[in-house]
Engineer: 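Right, I'll just put the structure down here and ask away after.
Just so it is clear, the values below take in all heavy atoms, side chains as well, and ignore hydrogens, waters and symmetry mates. This is a predicted model, so every value here is computed, not measured.
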Amino acid sequence: MNLYEELKWRGLIQDISSPDLIDKLNNDSITFYIGTDPTADSMHIGHYSSFLISKRLAKAGHHPILLVGGATGLIGDPKPTAERPMISKEEVEKNFKGLKRQAEEIFGFEVVNNYDWTKDINVIDFLRDYGKYFNVNYMLAKDKVKSRLESGITYAEFSYMILQALDFMHLYETRGCILQVAGSDQWGNITSGIELVRKKLDKEVYGMVMPLITDSNGVKFGKTEGNALWLDKNKTSSYELYQYLVNLEDSMIIEYLKKLTFLSKEEIEEIEKSHNENPHLREAHKALAREVITDIHGKEEYEKAVRLSEVLFNGNVKTLTATDIEQVFKGVPSYQIEESMNLLDLLVDKNIASSKREAREFINNGAILVNGDVIKDENYIICKEISIEDKYVIIRRGKKKYYLINLK
């Protein structure tokens with residue numbers, strides 16, 4: 001199977017701007033770019049799902065460029081519902097540096113900043129050299145603009161597609177870049193760049209977009225209760241990423257393996273067969289977690305995530321370090337205590353039990369574990385002497401309810 005056929009099999013092509021691109025993908029070595037705006041100092045898993053197509057093209061012999069939009073990030077790509085909040089030049093610069101470092105480490109891409117070639121263009125030259133090639137009716141027909149016409153769109157946002165088109169033309173002229181790849185929500189911006197190059201330079205460049213990766217309800221991949229899963233392991237630990245991936249819905253898991261891993265067709269089909277026969281073993285989910293985390297953070301981080309998951313499953317929490325605990329129990333109810341407390345009082349004081357009567361029932365029934373041990377003594381003392389690294393005590397109520405006690 002050639003490159004284009006493989007991309008189609010994986011479900012990674014939604015649109016291409018010209019059939020001529022197919023031959024270039026399969027038989028030539030071309031320079032292409034993918035872009036992102038520096039709205040944060042780390043990419044998230046949604047970026048990863050988009051940028052992987054670029055990694056595939058690079059493996060096939062094509063040359064990737066990652067554009068981080070120091071200029072476009074100051075304006076903001078129009079959202080379907082409302083204007084993005086403006087961020088300061090200082091924050092954009094800080095975010096650019098973070099994304100540049102991350103992209104080079106994870107993807108190995110050459111990174112460029114569109115602020116470098118945009119900052120010296122004055123408003124008259126911008127209108128004469130670029131604005132004159134854009135028909136307002138053409139711009140109004142773009143989906144992102146059209147969706148905002150009723151609620152209103154600022155001129156700054158309206159101009160965003162011209163800035164992105166300018167990027168494509170600049171990279172064509174200076175780097176010989178003939179292809180822009182992106183998620184499907186960028187199709188309007190990509191075709192604007194293709195049109196600018198055609199009208200101004202009488203040359204043909206190409207666009208290719210992939211479907212946005214979502215769950216079965218159409219929610220973007222990596223969105224959990226409004227929080228992004230960051231590629232920076234200090235923002236989202238490998239353990240958190242592992243838990244997200246192994247708990248993805250069964251109905252989507254083979255699609256995710258196709259789109260988010262470099263496993264071969266034969267390997268994925270074998271995993272799919274095993275998954276269908278024994279879905280409870282979650283072999284497909286574990287394979288996805290292994291491939292994604294190893295690619296992003298390396299084998300050691302993946303193995304650490306597995307170890308932490310097994311420790312939590314087996315209840316052997318005493319083997320955890322304080323750092324492990326902070327990762328594993330991020331988001332669970334956490335309480336500080338100034339001095340020693342007996343177990344009964346602690347359960348009531350921290351609302352782990354609603355009353356002393358209920359607390360006694362929990363204790364007598366063996367439903368309370370302290371650092372993995374069942375405790376049936378209501379006068380058991382929670383203190384530094386029993387804590388992990390003189391800092392944490394982990395209380396479990398029942399099978400799944402965890403509480404973290406931080407001893408000052």
Side-chain angles (χ1 to χ4, degrees), residues 224-230 232-247 280 282 285-286 289 293 297-298 300-408:
T224 53
E225 298 178 359
N227 298 317
L229 290 161
W230 302 103
D232 183 340
K233 65 184 179 184
N234 296 313
K235 290 176 177 283
T236 300
S237 69
S238 297
Y239 168 79
E240 291 174 273
L241 189 51
Y242 181 86
Q243 289 300 313
Y244 173 78
L245 295 170
V246 297
N247 286 295
H280 63 283
R282 306 191 80 72
H285 299 72
K286 291 174 183 176
I293 296 172
H297 295 313
E300 187 177 328
E301 280 293 316
Y302 163 70
E303 290 174 346
K304 179 182 177 183
V306 172
R307 179 180 66 81
L308 292 179
S309 297
E310 289 173 349
V311 164
L312 194 61
F313 180 78
N314 296 325
N316 191 20
V317 296
K318 289 178 183 174
T319 63
L320 298 175
T321 66
T323 302
D324 292 340
I325 289 169
E326 286 158 9
Q327 291 182 7
V328 170
F329 294 101
K330 187 177 181 180
V332 309
S334 179
Y335 307 102
Q336 284 191 338
I337 61 174
E338 303 281 344
E339 54 190 25
S340 302
M341 292 182 72
N342 73 51
L343 180 59
L344 183 73
D345 290 340
L346 181 93
L347 295 179
V348 177
D349 186 66
K350 303 307 178 188
N351 294 315
I352 299 171
S354 60
S355 65
K356 285 192 174 184
R357 178 171 168 271
E358 185 179 58
R360 286 192 178 96
E361 286 180 4
F362 285 148
I363 294 169
N364 293 333
N365 292 333
I368 299 297
L369 285 79
V370 177
N371 290 342
D373 297 327
V374 175
I375 302 297
K376 290 191 172 184
D377 178 6
E378 65 183 55
N379 293 312
Y380 184 85
I381 301 300
I382 305 299
C383 59
K384 280 207 171 183
E385 284 70 26
I386 66 151
S387 67
I388 297 170
E389 292 192 6
D390 290 331
K391 191 172 184 182
Y392 292 119
V393 172
I394 300 164
I395 292 180
R396 193 178 95 192
R397 193 193 82 196
K399 290 186 177 181
K400 293 185 177 180
K401 291 281 189 180
Y402 282 92
Y403 305 86
L404 188 60
I405 306 302
N406 186 347
L407 293 107
K408 281 191 175 181

Engineer: To the nearest 0.5 Å, what is the distance between CD1 (Ile395) and CD1 (Ile375)?
Structural biologist: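 Here the interatomic distance stands at 9.5 Å.
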Engineer: Hey, does Glu378 have a side-chain heavy atom less than 4.5 Å from the side chain of Leu343?
Structural biologist: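 Side chain of Leu343 against side chain of Glu378, heavy atoms only: no contact under 4.5 Å found.
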Engineer: Can you list every pair that meets ring-ring contact (aromatic ring centres under 6.0 Å, His included) and has a residue in residues 307-355, with sequence neighbours left out?
Structural biologist: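 Of all non-adjacent pairs touching residues 307-355, those that pass ring-ring contact (aromatic ring centres under 6.0 Å, His included) are Phe329-Tyr402.
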Engineer: Any chance you could measure Asp377, atom CG, to Ile368, atom CD1, to the nearest 0.5 Å?
Structural biologist: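 One gets 13.0 Å once the value is rounded to the nearest 0.5 Å.
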Engineer: Are Leu320 and Leu308 packed together at the side-chain level, in the sense that at least one heavy-atom pair is separated by less than 4.5 angstrom?
Structural biologist: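 SC-SC contact between Leu320 and Leu308 confirmed.
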Engineer: Does a side chain donor of either Gln243 or Ser309 reach within less than 3.5 Å of an acceptor in the other side chain?
Structural biologist: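 Judged by distance alone, the side chains do pair up.
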Engineer: Please list, one pair per line, the donor and acceptor atoms closer than 3.5 Å that link side chains of residues 345-352 to other protein atoms, with sequence neighbours excluded.
Structural biologist:
{"unit_1": "Asp345", "atom_1": "OD2", "unit_2": "Asn342", "atom_2": "ND2", "d": "3.0"}

Engineer: Quick one: which residue pairs count as a ring-ring contact (aromatic ring centres under 6.0 Å, His included) with a foot in residues 374-396, not counting sequence neighbours?
Structural biologist: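 Pairs touching residues 374-396 that pass the test: none.
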Engineer: Given Lys318 and Asp373, is the side-chain contact (heavy atoms from CB on, under 4.5 Å) satisfied, shown in steps?
Structural biologist: CA-CA 9 Å; Lys318 289 178 183 174; Asp373 297 327; 2.4 Å; yes
Engineer: Side chains of Gln327 and Lys233: closer than 4.5 Å at any heavy-atom pair?
Structural biologist: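 Of all side-chain heavy-atom pairs linking Lys233 with Gln327, none is under 4.5 Å.
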Engineer: Does any N or O in the side chain of Arg360 come within less than 3.5 Å of the main-chain N or O of Phe362, such that one atom is a donor and the other an acceptor?
Structural biologist: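 Such a contact is absent between Arg360 side chain and Phe362 backbone.
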Engineer: To the nearest 0.5 Å, what is the distance between CD (Glu303) and CD1 (Ile293)?
Structural biologist: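 Here the interatomic distance stands at 11.5 Å.
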Engineer: Provide the closest heavy-atom pair for Ile381 versus Ser340 in the form atom of the first, atom of the second, distance.
Structural biologist: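 The answer is CG2-CB, 3.8 Å.
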Engineer: Is it the case that over 12 heavy atoms from other parts of the model lie below 6.0 angstrom from the NZ atom of Lys235?
Structural biologist: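 For Lys235, atom NZ is crowded (more than 12 foreign heavy atoms under 6.0 Å).
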Engineer: Rounded to the nearest 0.5 Å, how far apart are CG of Leu404 and NZ of Lys330?
Structural biologist: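 Separation between the atoms: 13.5 Å.
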Engineer: When you check the side-chain N and O atoms of Ser355 and Glu358, is any donor under 3.5 Å from an acceptor?
Structural biologist: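 Glu358 and Ser355 do not have a side-chain donor-acceptor pair below 3.5 Å.
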Engineer: Decide yes or no for Leu344 and Asn379: does some side-chain heavy atom of the first lie under 4.5 Å from some side-chain heavy atom of the second?
Structural biologist: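 Sidechains of Asn379 and Leu344: no contact.
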Engineer: Kindly indicate whether the side chain of Asn316, heavy atoms from C-beta on, has any atom under 4.5 Å from the side chain of Glu310.
Structural biologist: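 With C-beta onward as the side chain, the pair stays apart.
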Engineer: Return the CG to NE2 distance between Asn247 and His285, rounded to the nearest 0.5 Å.
Structural biologist: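 Asn247 atom CG to His285 atom NE2 measures 7.5 Å (nearest 0.5 Å).
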Engineer: Assess whether a salt bridge exists between Glu300 and Lys304, defined as any Lys/Arg side-chain N lying under 4.0 Å from an Asp/Glu carboxylate O.
Structural biologist: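 Answer for the salt bridge query: no.
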Engineer: Could you go through the side-chain contact (heavy atoms from CB on, under 4.5 Å) check for Tyr239 and Arg307 one step at a time?
Structural biologist: CA-CA 9 Å; Tyr239 168 79; Arg307 179 180 66 81; over 6 Å; no
Engineer: Rounded to the nearest 0.5 Å, how far does CG of Asn371 lie from OG of Ser387?
Structural biologist: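 Rounded to the nearest 0.5 Å, the OG-CG separation comes out at 8.0 Å.
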Engineer: Please give me the minimum heavy-atom distance between Lys384 and Leu407, naming the atom from each residue.
Structural biologist: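 Between these two residues, the closest heavy atoms are N-CD2, 3.7 Å.
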Engineer: Hey, does the side chain of Glu301 reach the backbone of Gly298 with a donor-acceptor pair shorter than 3.5 angstrom?
Structural biologist: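 Side chain of Glu301 to backbone of Gly298: no pair is present.
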